[in-house]
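As a basis for the values below, the full set of heavy atoms in this structure was taken, side chains included, without hydrogen atoms, waters or symmetry mates.
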Amino acid sequence: MNKSRKIFAILVLSCLPALFCACHKNCVCQMRDGSERTYTEDELDKFDVSCTRMADYPVADHKVRCTWE
């Protein structure tokens, strides 16, 4: 096996675990009182809003910021 094929095989084998892992991200919002609220992707789809826009949903006064984790 030549060098480029070995490198390709190593890259493919190193990426295989990522293909079999379920990647479920959650949108975590920090509330003004210091607590956190987690939203699933399904909840965001139901609300028809993105994670970053979740800070303004339904009113901007409750959440400080929302990020994917």
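- Counting all heavy atoms, side chain and backbone alike, Y39 lies closest to C29 at CE1-SG, 3.7 Å.
- In this structure, C66 and C51 have their SG atoms no less than 2.5 Å from one another.
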Exercise for review: Determine, stepwise, if the pair T67 / E69 fulfils side-chain contact (heavy atoms from CB on, under 4.5 Å).
Suggested key: CA-CA 6 Å; T67 56; E69 290 185 5; 4.1 Å; yes
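- Salt-bridge formation is not detected for the pair E41/K46: no Lys NZ or Arg NE/NH1/NH2 atom is positioned less than 4.0 Å from an Asp or Glu carboxylate oxygen.
- Side-chain atoms of S35 and D33 include a donor-acceptor pair closer than 3.5 Å.
- Counting heavy-atom neighbours within 6.0 Å of R65 CZ, excluding the residue itself, gives a total of 12 or less.
- In this structure, CG in N26 is found 11.5 Å from CD in E36, a value given to the nearest 0.5 Å.
- Linking Ile, Leu, Val, Met, Phe, Trp and Tyr whenever their side-chain heavy atoms come within less than 4.5 Å puts L44 and Y57 in one cluster.
- At a threshold of 4.5 Å between side-chain heavy atoms, the hydrophobic network of Ile, Leu, Val, Met, Phe, Trp and Tyr places V28 and M31 in two separate groups.
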